[in-house]
Peer 1: 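This is the structure I want to talk about, given as structure tokens.
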Amino acid sequence: VLAQPLTASRIGYQNSLFLLFSMWLLMIIASYIQLALFKNKPSSMSFAKLVKAETGPIGQVIALCVKMLLFYSLLAAYMTGGTSVMLGLLLQANVHIPHVPGVFIFAIIFGGIVSLSTRVVDQTNRIFLKILFSSACKIVPTRISTFKKSSNPISLDCVINLSSLL
């Protein structure tokens with residue numbers, strides 16, 4: 001998901017659409033398999049207990065390795081992407097930090113926030129979402145009124161005025 005825009009720009013729209021559909025189909029198949037496995041199990045059974053019950057200790061070790069590989073790849077992707085965004089914002093503020101120390105700074109700041117508790121992360125997400133929605137509530141109506149006032153020959157009567165809904 002994080003690399004999708006870069007992948008789409010390099011391989012083209014049709015190939016990207018094929019890959020996206022293939023990944024979606026793979027996720028649907030995996031979810032149906034998981035649903036079938038959990039169907040006759042008690043509701044208190046975790047995924048780790050299910051793997052051990054269905055595949056034994058060797059399957060449990062393989063599933064643990066796959067899960068750790070997934071977590072590592074997610075961590076690497078988010079740290080790389082987050083560092084790029086953070087360094088780009090700092091560069092706009094005329095603060096230049098090389099990439100390697102930037103990764104450590106990003107990891108310390110955001111790792112510290114996550115380490116405090118998930119409650120802090122949840123509250124931070126709520127604050128950012130409130131900022132996002134309040135910005136959208138202010139920007140969208142002004143953009144719509146700008147489009148209505150333009151001398152565009154296309155009729156914009158069908159545009160909904162979002163300020164009346166808010």
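Hydrogens, waters and symmetry mates are skipped; everything else that's a heavy atom, side chains included, is used. Counting from 1, the numbers follow the sequence of the chain as shown.
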Peer 1: Where do Val103 and His99 land on the side-chain contact (heavy atoms from CB on, under 4.5 Å) test, with the steps shown first?
Peer 2: CA-CA 6 Å; Val103 171; His99 188 73; 3.8 Å; yes
Peer 1: Please report the closest heavy-atom contact between Leu116 and Val120, naming both atoms and the distance.
Peer 2: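 It is CB-CG2, 4.1 Å.
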Peer 1: Do Val95 and Leu87 touch side chain to side chain, with heavy atoms closer than 4.5 Å?
Peer 2: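 With C-beta onward as the side chain, the pair stays apart.
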Peer 1: Working to the nearest 0.5 angstrom, can you tell me the gap between Gln123 CD and Ser117 OG?
Peer 2: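 Rounded to the nearest 0.5 Å, the CD-OG separation comes to 7.0 Å.
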Peer 1: What distance do Asn15 atom CG and Leu20 atom CG have between them, rounded to the nearest 0.5 Å?
Peer 2: 12.5 Å
Peer 1: How about Phe18: does its CZ atom have over 12 heavy atoms from other parts shown lying under 6.0 Å from it?
Peer 2: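 Atom CZ in Phe18 is not crowded, with 12 or fewer foreign heavy atoms closer than 6.0 Å.
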Peer 1: Just by modelled atom types, is the Leu70 backbone N or O under 3.5 Å from a matching donor or acceptor in the Ser73 side chain?
Peer 2: yes
Peer 1: Taking all atoms of both residues into account, what is the closest heavy-atom pair of Gln60 and Val51, and its distance?
Peer 2: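 It is CA-CG1, 3.7 Å.
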Peer 1: Report, as yes or no, whether the 6.0 Å neighbourhood of atom CD1 on Ile28 holds more than 12 heavy atoms from other residues, nucleotides or ligands.
Peer 2: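 Atom CD1 in Ile28 is crowded, with more than 12 foreign heavy atoms closer than 6.0 Å.
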Peer 1: Is Glu54 salt-bridged to Lys49, cutoff N-O under 4.0 Å?
Peer 2: no
Peer 1: Between CZ of Phe133 and CZ of Phe128, what distance do you get to the nearest 0.5 Å?
Peer 2: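 Going from CZ on Phe133 over to CZ on Phe128, the span is 14.0 Å.
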Peer 1: Taking Trp24 as the starting point, is it possible to reach Leu19 by hopping between hydrophobic residues whose side chains are less than 4.5 Å apart?
Peer 2: no
Peer 1: Ile62, Leu37: one ILVMFWY side-chain cluster at the under-4.5 Å cut-off?
Peer 2: no
Peer 1: Under a single-linkage definition using a 4.5 Å side-chain heavy-atom cutoff for Ile, Leu, Val, Met, Phe, Trp and Tyr, are Phe71 and Leu64 assigned to the same hydrophobic cluster?
Peer 2: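 Yes, because Phe71 and Leu64 connect within a single hydrophobic cluster, where side-chain heavy atoms sit under 4.5 Å apart.
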Peer 1: Can you list the steps and then say if Gln34 with Phe47 is a side-chain contact (heavy atoms from CB on, under 4.5 Å)?
Peer 2: CA-CA 9 Å; Gln34 190 173 0; Phe47 189 72; 3.5 Å; yes
Peer 1: Working to the nearest 0.5 angstrom, can you tell me the gap between Phe104 CZ and Ile109 CD1?
Peer 2: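 CD1 of Ile109 is found 14.0 Å from CZ of Phe104.
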Peer 1: Please tell me if the side chains of Leu17 and Phe21 come closer than 4.5 Å, counting only heavy atoms from C-beta onward.
Peer 2: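 A side-chain contact under 4.5 Å is absent here.
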Peer 1: Any chain of hydrophobic side-chain contacts (each under 4.5 Å) joining Leu26 to Ile11?
Peer 2: no
Peer 1: Hey, could you give me the OG1/CG distance between Thr80 and Leu75, rounded to the nearest 0.5 Å?
Peer 2: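 Thr80 atom OG1 to Leu75 atom CG measures 8.5 Å (nearest 0.5 Å).
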Peer 1: So how far is it from Leu132 CG to Ile127 CD1, rounded to the nearest 0.5 Å?
Peer 2: 13.5 Å
Peer 1: Please answer: with hydrophobic residues joined when any side-chain heavy atoms are less than 4.5 Å apart, are Leu74 and Met68 in the same cluster?
Peer 2: no
Peer 1: Using the side chain to side chain contact (heavy atoms under 4.5 Å, CB included) definition, which of the options Leu91, Ile105, Ile97 pairs with Met86?
Peer 2: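 In the set Leu91, Ile105, Ile97, the residue that makes a side chain to side chain contact (heavy atoms under 4.5 Å, CB included) with Met86 is Ile105.
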